[in-house]
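Everything on this sheet refers to the single structure shown next.
Note that the coordinates shown come from a computational prediction; the quantities given were computed from them, not determined experimentally.
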Amino acid sequence: LTFGLPANEERFSSAVEIDGFYRQLLERFQAVPGVAEASVSSGLPLMGFGGSRKFSVVGQPQDERSIRPSVGVQSVMPEYFETFGIRMLQGRALNDRDGMRAQRVAVVNERFARLFLNGQDPVGQRVALEESGSRVEWHIVGVFRDVSNEEQFGEPKAPEMYVPFAQSPWSQAMFAVRTTTRPELLRSSLAAAVHAVAPALPL
């Protein structure tokens, strides 16, 4: 079961509040009977990326900014990998230690590693993204199996990069809930969990 909440940006005064709000909701969902896994992210498989950004690999020759490659960037909580059964091929997945004050880390997909890392070990490489006018570096800690994040099955897999939600929180995030029963049977229970925290927000 996947859904979003119409939480506008005015609801939050800081990144800490965004992360705390979605973490609180996620913990409530995980306590609902019939929920096997639940996650929060800026986008979902087959619905496109949370955002596409130009980047450079630190230490490689720099292209002109206009022709730098792009990567699909998603902010995900650690539970995302278990919820969707995304397998790590190298290194580690994101975890709860990758908090707001920790080193900025990322995981990339197979296609990213194949296209841009020239056969080098991906773990330990750094990717620089432009963020709000400044250049921010993210340290690669793992490589995950390619996932269909385009709107059509069979499309060539695109290069992707996942970063910790706590380090790049989104005010209008998406939820995914994997259930042990028919997903639609949990709709009312999940709505009740939302309303306990935010009575005005529909799923």
Side-chain angles (χ1 to χ4, degrees), residues 2 15 18-19 22-23 26-27 29-30 36-62 68-131 134-150 155-170 173-178:
T2 61
I18 297 172
D19 183 58
Y22 284 106
R23 174 54 65 182
L26 185 60
E27 289 172 355
F29 292 163
Q30 290 167 334
E37 301 286 349
S39 68
V40 175
S41 55
S42 58
L44 295 170
L46 296 180
M47 290 182 63
F49 308 115
S52 185
R53 313 269 286 282
K54 288 190 178 294
F55 74 94
S56 59
V57 176
V58 176
Q60 290 186 2
Q62 300 294 305
R68 283 199 338 227
S70 295
V71 59
V73 180
Q74 291 220 60
S75 297
V76 305
M77 286 193 177
E79 295 83 359
Y80 188 85
F81 300 89
E82 287 296 327
T83 300
F84 286 104
I86 297 172
R87 188 160 60 92
M88 298 302 299
L89 300 177
Q90 190 174 348
R92 68 170 177 88
L94 306 178
N95 59 47
D96 288 329
R97 293 189 297 277
D98 300 319
M100 199 167 290
R101 294 180 178 82
Q103 180 185 66
R104 288 180 180 266
V105 295
V107 293
V108 298
N109 69 343
E110 297 171 89
R111 185 152 181 84
F112 181 99
R114 192 163 52 245
L115 288 178
F116 304 119
L117 297 181
N118 300 326
Q120 300 178 40
D121 184 353
V123 177
Q125 301 291 327
R126 289 171 292 152
V127 178
L129 299 176
E130 295 291 332
E131 298 185 16
S134 59
R135 184 172 179 269
V136 177
E137 293 185 3
W138 300 80
H139 294 248
I140 297 175
V141 295
V143 178
F144 61 91
R145 189 171 183 175
D146 286 339
V147 176
S148 289
N149 258 328
E150 302 298 328
E155 291 288 327
K157 302 299 186 292
E160 286 189 84
M161 174 175 161
Y162 295 170
V163 301
F165 191 88
Q167 296 181 358
S168 184
W170 284 58
M174 299 295 294
F175 288 94
V177 179
R178 183 155 59 86

What heavy-atom pair brings A176 and T83 nearest, and what distance separates the two atoms?
O-CG2, 3.8 Å

How far does CG of D146 sit from CZ of F112, to the nearest 0.5 angstrom?
12.5 Å

Where do W138 and P164 come nearest, in terms of heavy atoms and distance?
CZ3-CD, 4.1 Å

Would the number of heavy atoms belonging to other residues, nucleotides or ligands and lying under 6.0 Å from CZ of R92 be above 12?
yes

Could you go through V163 and R104, starting from their C-alpha distance and side-chain angles, then the distance that decides it, and tell me whether this counts as side-chain contact (heavy atoms from CB on, under 4.5 Å)?
CA-CA 8 Å; V163 301; R104 288 180 180 266; over 6 Å; no

Quick check against the 3.5 Å criterion: does N109 have a side-chain atom that pairs as donor or acceptor with the backbone of A158?
yes

Side chains of E137 and V58: does their closest heavy-atom pair fall under 4.5 Å?
yes

Test R87 against E110 for salt bridge (charged side-chain N to carboxylate O under 4.0 Å, His left out), laying out the working first.
CA-CA 11 Å; R87 188 160 60 92; E110 297 171 89; over 6 Å; no

Using the side-chain contact (heavy atoms from CB on, under 4.5 Å) rule, take R53 and E130 through it: C-alpha gap first, then chi angles, then the decisive distance, then the call.
CA-CA 8 Å; R53 313 269 286 282; E130 295 291 332; over 6 Å; no

Taking only residues two or more places apart in sequence or in another chain, which ones pass ring pair (Phe, Tyr, Trp, His ring centres under 6.0 Å) with F144?
Y162

Which atom names give the shortest non-hydrogen contact between M174 and S42, and what distance separates them?
CG-O, 4.3 Å

What distance do S75 atom OG and L94 atom CG have between them, rounded to the nearest 0.5 Å?
10.0 Å

Quick one: CZ on R135 to CZ on F55, what's the gap to the nearest 0.5 Å?
12.0 Å

Please answer whether the main-chain N or O of V73 pairs with a side-chain N or O of E160 as donor and acceptor at a distance below 3.5 Å.
no

Got a second to check how far D19's CG is from Q167's CD, nearest 0.5 Å?
10.0 Å

Atom pair CZ/CZ of R111 and R145 - distance to nearest 0.5 Å:
15.5 Å

Going through the distances and angles, do S39 and F175 end up as a side-chain contact (heavy atoms from CB on, under 4.5 Å)?
CA-CA 6 Å; S39 68; F175 288 94; over 6 Å; no

Ignoring hydrogens and geometry, is there a side-chain-to-backbone donor-acceptor pair from R178 to E82 under 3.5 Å?
yes

Shortest non-hydrogen separation from V71 to P159 and the atoms involved:
CG2-O, 3.6 Å

Is there side-chain contact between P45 and F84, with heavy atoms separated by less than 4.5 Å?
yes

Below 3.5 Å, can you tabulate the donor-acceptor pairs from side chains in residues 113-123 to any protein atom, sequence neighbours excluded?
{"residue": "Q120", "atom": "OE1", "partner": "Q125", "partner atom": "NE2", "Å": "3.1"}
{"residue": "D121", "atom": "OD1", "partner": "Q90", "partner atom": "NE2", "Å": "2.7"}
{"residue": "D121", "atom": "OD1", "partner": "V123", "partner atom": "N", "Å": "3.1"}

Taking atom CE of M161 and atom CD of Q74, what is their separation to the nearest 0.5 Å?
12.0 Å

Start with the C-alpha gap between V107 and V141, add the side-chain angles, then the distance that decides, and say whether side-chain contact (heavy atoms from CB on, under 4.5 Å) holds.
CA-CA 6 Å; V107 293; V141 295; 3.9 Å; yes

Would you name the heavy atoms of K54 and S70 that are closest together and state the gap between them?
CG-OG, 3.7 Å

